[in-house]
J.: 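Dumping the structure here so I can ask a few things about it.
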Amino acid sequence: MPRTTVQRLRGFRDFLPRDMALREHITARFEEIFRSHGFQPLDTPALEYAETFEGKSGQEAETLMYRFLDHGNRRVGLRYDLTVPLARVMAMHPDLPTPFKRYHIAPVWRAERPQKGRYREFWQCDVDIVGSDQPIADAEILAIIPECLDAVGFERYRVLINNRKVLAALARVSGADPDQAQHIYRSIDKLAKVGREGVREEMLERGLSPATADRVLEIVSLSGESDEVLGSLLELLAKDAVGSEGVEEMRSILALVPSFGVDPACFVVTPSLARGLDYYTGVVFETVVDEPRVGSVTGGGRYDELVGQFSGRPLPTVGTSLGLERIIDVVEELRLLEPPRVSADALVTTFDDESTPESVRLAARLRAGGISAETYVGRSGNIRRQLAYADRLGIPVALILGPDERARGEVAIRDMRSGEQTSVPCEQAPERVLTILETS
RNA sequence: GUGGGUGUAGCUCAGCUGGUUAGAGCGGUUGUCUGUGGAACAACAGGUCGUGGGUUCGAGCCCCAUCACCCACCCCA
């Protein structure tokens, strides 16, 4: 028989049960937090008209989109992020009450060269608030980031914040040509990576004058307490109305964040933060961790024009994306969470074919009592093999229903961790199993 | 898209300067053990040495190409 090649597409992964345990645990925590803030669930198709995604995120992003012709010769594409589909949904459902708060946990696809912390199919956990231009919306999104990261054990991270308006002002104030603005953003974004000299060199290479480059560097190198940096920024950009507005926005947002119950110390105003996606119009932010080096684990910002690209009627929106696999990489590397067990709580063994129905009924009784229970589905008999099965899967309780027990209307219940085993009347089985589960 | 590294069993690897039938540990299955897991012992299964070509009497080992994976750049979650 000819065999099919056993191969996965590059950058695509299988998630085995041991992987799923952690993934689901983490997404469940995020979901809990999102819902506790009143965000509602949303899902959209993986595949959409290519046009939906085009002209939204930027040139760079577009080259990374999976696009192709379907059987009906339609130009289609796999979603590149969850933000653009949200904008499309808002435009298609103008009756949705605003402000609209939604979360969306789903895979996205990018045809990049895979490497550490980077895959072609990966999951984003997005929260967005559509239809509010108020600082409280930005503040709530920002506050949720540390709440989520803390919930999965993160201890050291920084949420960098900047504002596109400040960036635009920076380009104007330093005397660059308007068409050089993009070059400036590109270069300064690498400040932390290549240092001042590296950024300066790159700006000169891209045709900026030394005087302009130095002025850019002066502003971008500001660091320290957020209040101080904001104050200095305001002075340096005083002549620029939009830039000053951007600074004030950050000030009012950061002033509100502590009221959400998060420690403001993790937020760092970072004038060099640019972010690549074209649709951002106001504050932008991303979270970085120093160890392990996985790049940013979250990214987001305010995009007030994107919905308007679909409906003609702009809706101010702010949101963020948490990168599931990078967060998992950190959690695994630093052993921040114990992966939960995904096996059943109890295994009911089958002694022989004749008594198997009784074992099946016992498992059903356990389930009715709120215990996840499976009956061994391999060949009956050979208790040794069945206990080994429970052991391998990490099932903490095994039940044995042999002739001796049946004669007395009992069942033997074995605590797989301690090896202790006692017989109890069948009716008491759920109670006994629960006791073992609680103590382990 | 650009640069670098690596490809031998499911996993981690060994394989002496090219020399008969390619090995180990772990894992898997089965048995010792037709009423008891984690241990031990034994057996078995599993490999066209990534693929194609070349050099050679002879290639897992040398050369070329190609593919895949990893790392970095670009960009990003």
Side-chain angles (χ1 to χ4, degrees), chain A residues 3 5-14 16 57-65 80-83 105-126 145 148-149 185-187 189-190 193-194 198 202 273-278 284-289 293-300 319-330 347 349-353 355 376 378-406 411-421 423:
Chain A
R3 281 206 280 171
T5 312
V6 180
Q7 205 176 29
R8 258 176 335 217
L9 238 28
R10 152 177 249 190
F12 288 72
R13 296 154 301 154
D14 295 318
L16 298 180
S57 307
Q59 198 53 51
E60 183 79 31
E62 227 150 279
T63 63
L64 301 176
M65 284 175 193
Y80 176 87
D81 64 15
L82 303 177
T83 306
I105 299 174
V108 301
W109 292 268
R110 297 182 189 177
E112 295 186 89
R113 239 24 206 240
Q115 53 178 285
K116 191 178 181 63
R118 171 175 304 184
Y119 309 94
R120 288 186 167 173
E121 177 182 56
F122 63 98
W123 285 60
Q124 294 194 320
C125 312
D126 276 36
I145 295 168
C148 286
L149 296 180
Y185 304 162
R186 283 275 171 87
S187 305
D189 208 26
K190 290 180 207 151
K193 200 167 206 167
V194 300
E202 190 172 324
L273 178 70
R275 299 197 50 79
L277 298 175
D278 279 358
V284 289
F285 35 83
E286 71 179 38
T287 306
V288 293
V289 291
R293 299 200 74 75
V294 289
S296 52
V297 295
T298 83
T320 195
S321 181
L322 292 92
L324 182 58
E325 6 289 295
R326 288 188 179 175
I327 289 170
I328 287 175
D329 281 351
V330 173
L347 173 76
T349 56
T350 54
F351 196 85
D352 50 33
D353 289 349
S355 68
Y376 186 69
R379 204 183 317 129
S380 65
N382 200 339
I383 298 301
R384 177 185 202 79
R385 187 207 308 270
Q386 298 187 40
L387 290 179
Y389 170 82
D391 186 45
R392 283 304 307 275
L393 267 68
I395 298 174
V397 180
L399 294 91
I400 299 155
L401 206 48
D404 297 350
E405 288 81 10
R406 286 202 294 151
V411 56
I413 300 183
R414 184 178 183 80
D415 181 337
M416 294 297 288
R417 282 176 235 254
S418 66
E420 278 170 42
Q421 183 171 320
S423 287

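Residue numbers start from 1 in every chain, and the chains themselves are labelled A, B, ... in the order their sequence lines are given, proteins ahead of strands.
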J.: Rounded off to whole Å, could you give me the NZ-to-P distance for the A:Lys193 and B:rA72 pair?
T.: 8 Å
J.: Look at the side chain of A:Lys116 and decide which nucleotide, out of B:rG35, B:rG31, B:rC71, has an atom nearest to it.
T.: B:rC71
J.: Ignoring hydrogens and angles, are the base of B:rU36 and the side chain of A:Gln421 linked by a donor-acceptor pair under 3.5 Å?
T.: yes
J.: Of all the nucleotides listed (B:rC74, B:rA77, B:rC71), which has the minimum atom distance to the side chain of A:Phe122?
T.: B:rA77
J.: If you measure only the distance, is there a donor-acceptor pair under 3.5 Å linking the side chains of A:Asp126 and A:Ser321?
T.: yes
J.: Please determine, for the side chain of A:Arg10, which listed nucleotide (B:rA77, B:rC74, B:rC70) has the closest atom?
T.: B:rC70
J.: In B/S/- notation, 5' to 3', how is nucleotides 38-45 of chain B contacted by protein heavy atoms closer than 4.0 Å?
T.: BB------
J.: In terms of side-chain heavy atoms of A:Glu112, which of B:rA77, B:rU36, B:rG35 is nearest?
T.: B:rA77
J.: Please classify the nucleic acid contact of A:Asp81 as base, sugar-phosphate, or nothing, using heavy-atom distances under 4.0 Å.
T.: nothing
J.: Quick one: which of B:rC73, B:rG35, B:rA77 gets closest to the side chain of A:Gln115?
T.: B:rC73
J.: With a 3.5 Å cut-off and just heavy-atom distances, do the side chain of A:Arg118 and the base of B:rC75 make a donor-acceptor pair?
T.: yes
J.: Going through the checks in order, is the side-chain hydrogen bond (donor to acceptor under 3.5 Å, both in side chains) test met by A:Thr287 and A:Thr298?
T.: CA-CA 5 Å; A:Thr287 306; A:Thr298 83; 2.6 Å; yes
J.: Round to a whole Å and report the spacing from CG of A:Leu64 to P of B:rG1.
T.: 11 Å
J.: The side chain of A:Ala412 lies closest to which of these nucleotides: B:rG35, B:rG3, B:rA77?
T.: B:rG35
J.: Hey, is the side chain of A:Lys190 poking within less than 4.0 Å of OP1 or OP2 on B:rC75, counting only N and O atoms?
T.: yes
J.: Provide, to the nearest angstrom, the distance between the CZ atom belonging to A:Arg13 and the P atom belonging to B:rC70.
T.: 10 Å
J.: For B:rU30 and A:Arg385 - does any side-chain N or O of the residue sit under 4.0 Å from the phosphate oxygens OP1/OP2?
T.: yes
J.: Where does RNA chain B pair, written as one dot-bracket string 5' to 3', with Watson-Crick or G-U pairs under 3.5 Å, ( ) inside the strand, [ ] for crossing pairs and | for another strand?
T.: (((((((..((((.....[...)))).(((((.......))))).....(((((..]....))))))))))))....
J.: At less than 3.5 Å, do the side-chain atoms of A:Glu405 and the base atoms of B:rG35 form a donor-acceptor pair?
T.: yes
J.: Under 4.0 Å between a side-chain N/O of A:Arg275 and OP1 or OP2 of B:rA77, yes or no?
T.: yes
J.: Once you round it to whole Å, what is the distance between C1' of B:rA77 and CD of A:Glu60?
T.: 15 Å
